[in-house]
Protein chains: 4
Amino acid sequence: MGEGVDDGVGDGKARRMPRAVRERQMLDAAVVTFGRRGYRAASMDEIAELAGVSKPLVYLYLNSKEDLFTACIRREAQALVTAVRSGVDPDLTADGQLWSGLRAFFTHTAEHPDAWSVLHHQARTHGEPFAREVSQMREEIVAFVTALIHEAAQEAHGATELAERDVAGLAQALVGAAESLAGWANASDSVTAKEAAATLMNFAWAGLGNLMRGERWSPRHQPAH
Amino acid sequence: MGEGVDDGVGDGKARRMPRAVRERQMLDAAVVTFGRRGYRAASMDEIAELAGVSKPLVYLYLNSKEDLFTACIRREAQALVTAVRSGVDPDLTADGQLWSGLRAFFTHTAEHPDAWSVLHHQARTHGEPFAREVSQMREEIVAFVTALIHEAAQEAHGATELAERDVAGLAQALVGAAESLAGWANASDSVTAKEAAATLMNFAWAGLGNLMRGERWSPRHQPAH
Amino acid sequence: MGEGVDDGVGDGKARRMPRAVRERQMLDAAVVTFGRRGYRAASMDEIAELAGVSKPLVYLYLNSKEDLFTACIRREAQALVTAVRSGVDPDLTADGQLWSGLRAFFTHTAEHPDAWSVLHHQARTHGEPFAREVSQMREEIVAFVTALIHEAAQEAHGATELAERDVAGLAQALVGAAESLAGWANASDSVTAKEAAATLMNFAWAGLGNLMRGERWSPRHQPAH
Amino acid sequence: MGEGVDDGVGDGKARRMPRAVRERQMLDAAVVTFGRRGYRAASMDEIAELAGVSKPLVYLYLNSKEDLFTACIRREAQALVTAVRSGVDPDLTADGQLWSGLRAFFTHTAEHPDAWSVLHHQARTHGEPFAREVSQMREEIVAFVTALIHEAAQEAHGATELAERDVAGLAQALVGAAESLAGWANASDSVTAKEAAATLMNFAWAGLGNLMRGERWSPRHQPAH
DNA sequence: GATGAATGAGGCTTCATTCAT
DNA sequence: GATGAATGAAGCCTCATTCAT
């Protein structure tokens, strides 16, 4: 963890490198630092040191702390969405797609915990330039899940028509559950991505099926004890 | 919002008040400020001004920014747990308890958005003294939900024995879904606490039931398209 | 020159003083520093040290470097205008007023060379927030001189009507000449304010008289040699 | 103004050009930048970009920011003095020479406002290496004007002997008035160089004539009102 | 001859925190 | 009990300047 990104050099003055490479190293360092310390608590000094360059170079390439954070968010949001989409085969049934998407999601978040922290925690806690960036990504994922729910409804012959708001709520719930499980799995590293995905499928799929059959839970059920 | 917390006094130099009252005003102001700005971005100056007292007094009563934040977390965590527990009648069936607990939860988070922001967002994004505080509260809620799941299993005669890890995962998923829905409901204020709770019950209850009947979703289901 | 403004204390931590006093000390130090180094080259560190306080206090009272510089300009512009006006007895004839005004002007600039540098050099060389401030003062003085010229024209019976533009140009020339002489007198301290004023009166008064008698210099005068 | 100084080349990577040309382009860019931003606020980056070359080349040719600024001052001072001298025919009478010199002066400052800003404003506001440079030029002009005054005195038969200090003061006043009028004419572009020169001649010539006839303004003139 | 890559040093500003009254 | 006065420390950012190619 000492020199952060390994550039094959002991230490000394940072070796000459093409801009693209340096920029990537800086983003790597920034994601780690922002992810662990938070936006405000992360210092440009620390990021530069972890990247193995001097601070002015960070500014030369990434402009400002704000721009740097935004660049991190964009890159990692893109990476996460790409990972999930790549993990899904659109020829599968809806539940198959959900299953593989969840596996990809949990795998990615487990492999990039700092990136996940940036997206899930840090970006959402710091005002408007940033929250919007990550919101867009989240909306994209929610939309994907929403589409899957509709697809599942079509596959289930004779499914009751689902109200839009219900679907939206379900998607929110599902995504939120996934986010929570990602943190849980990351915290206790004995839980694998596959297990997390299975837990969520078990939890969610039956509920969805019920709904599509028009069976809804209602408070009236409650019998006195 | 001018003078922040209304202290029932015209204005002038803050009147001599009992310590407990003053302290509450400071915490109120701190929760608002921390909730909106985040821990690092909130300044003691702003908090003191919003509380209507001088900065040294804040230090006299609450010692340091860290202690102040911790006090906020503790107070609001306590308040949330209390709200949820008070909303639940232990004589109801498990699903009834879950239903009323969720309603209490969504109601409380909707009525105290800054407090919720402190607990859900701010406290978790800033290193160790704070994350632990809120983790304990979350564990308490997870434990409560876990107990409900076990209770439900007992109520369902002939229920398959549930593995501990499954239950833990389910509880995490349920709590995560609730957190996500709280944010969703707060963002679009057309969604009421009751609706959010209903959405989650619909989503979760069937899944729980299935599980208890030993019906689990499994990847083998996936047919080729 | 060591501790700048004498506050009667050896050195150590700056003694408690009422805000108004401290603010004046800071402005004093700032005028000296800005006047000698220029706006950009003057550092807040140097100003604070010369004022005998810590930097944050400067910011607490004066907000920013820009505001501090503006405050300097305003204070010194006011002081200069006041000095000139106070030196003039409006019951005198126009030339008497001009004479006493010039004496007051040269006396003031000689006694406050740093302030004069701020107004004449520094404020005019640094973009828009500042140039405007000092422009207003200069316009005020130009207007005063313009009024004097008109008054002189009235005193001279049978004076030719003067064109507005001519008067404006004359006033500019006179003020410019005065500014230049102020620098000259300051540079070689053997020239007194009174001598500078006399030089300018000799230079200017006859020209004004001529003009008012309608005698204008014209290129046609030029005889071949 | 995109590429700054037109180098007669399409664009691309700055073509190999003779050193003298490159150097001139850099000085041109520097004069513009220094004239508009001031010495400290101008950045070598901006100058290099405006000149269409890379920063190291600027250093290779001109050594340092200080040297670059000095080179600007020297070049523009030379240019101004040359312009004035070239505009004057030494065979004319003293007033004719003054008239044509002033015209040349106002024409040059109007045509090279950035250069004039460098000489008149920027160079004089920044400490010792620079102020001296421009002082020398100013002395040269003052000496020229002084010579003209003496010449005029000789032309006027029976002229009273003029004290050296008086002549020096007059020359300072005249030059200062010219500087002020140059700024005035540049600011409101409705004033032409010729008009500015005429204004100053009217203002100054009669005064000079008076003086040479031994008629001096004296405070004793002042009658009570 | 010309430049992309890189940095030491320093400036403005803010903040948590403490005295002395 | 309460506060106006004051600061050490640290953070963001820019700039003049130099290598290595």
### Message
Go nucleotide by nucleotide along DNA chain F from the 5' end; which of D:A42 and B:L60 gets its closest nucleotide reached first?
### Response
B:L60

### Task
Would you kindly give the CZ-to-P distance between B:R40 and F:dA10, to the nearest whole Å?
11 Å

## Note on the structure
When every non-hydrogen atom of B:R40 is compared with those of B:K65, the smallest separation belongs to O-NZ, 3.5 Å

### Message
Which is more 5' along DNA chain E, the nucleotide nearest A:P56 or the one nearest B:M44? Just name the residue.
### Response
A:P56

#### Entry: For atom CE of A:M17 and atom C1' of F:dA20, their distance in whole Å
15 Å

### Dot-bracket encoding of pairs in DNA chain F, which uses [ ] for pseudoknotted crossings and | for another strand, Watson-Crick or G-U under 3.5 angstrom
.||||||||||||||||||||

### Message
Using whole Å, what does the distance between atom P of nucleotide F:dG1 and atom CD of B:E23 come to?
### Response
13 Å

### Query
OP1, OP2 of F:dG4 versus side-chain N and O of C:R16: anything below 4.0 Å?
no

### Query
Just how far, in rounded Å, is P of E:dC15 from CZ of B:F69?
17 Å

### Query
Once you round it to whole Å, what is the distance between P of E:dT7 and CG of D:D45?
16 Å

### Query
In whole angstrom, what separates A:L62's CG from F:dT14's C1'?
16 Å

#### Entry: Side-chain touch B:I47/B:T33, heavy atoms, less than 4.5 angstrom
yes

### Query
Any salt bridge between B:K55 and B:E49, counting N to O under 4.0 Å?
no

### Proximal nucleotide (of E:dT13, E:dT17, E:dG11) relative to the C:S64 side chain
E:dT13

### Message
On DNA chain F, compare the nucleotides closest to A:A41 and B:Y61; which residue's is nearer the 5' end?
### Response
B:Y61

### Query
Which class fits the ring pair B:Y39 and B:F34: parallel under 30°, tilted 30 to 60°, perpendicular over 60°?
tilted

### Query
Under 4.0 Å between a side-chain N or O of D:Y59 and OP1 or OP2 of F:dT17?
yes

### Task
May I ask you to evaluate whether D:R22 reaches the phosphate of E:dA2, defined as a side-chain N or O under 4.0 Å from OP1 or OP2?
yes

### B:K65 or A:K55, whichever maps to the more 5' nucleotide of DNA chain E
A:K55

### Task
May I ask you to check whether over 12 heavy atoms, not counting those of A:R124, lie within 6.0 Å of atom CZ?
yes

#### Entry: Closest approach of C:D67 to C:L62 (non-hydrogen atoms, all atoms of both residues)
CB-O, 3.2 Å

### Task
Please work out if A:R19 contacts a base, only the sugar-phosphate, or nothing of the nucleic acid, heavy-atom cut-off 4.0 Å.
sugar-phosphate

### Query
In terms of side-chain geometry, is the basic nitrogen of B:R75 or B:D28 positioned less than 4.0 Å from the acidic oxygen of its partner?
yes

### Given E:dT3, F:dA2, F:dT7, the nucleotide with the shortest approach to the side chain of C:V53
F:dT7

### Query
Just how far, in rounded Å, is P of F:dT17 from CG of D:L57?
15 Å

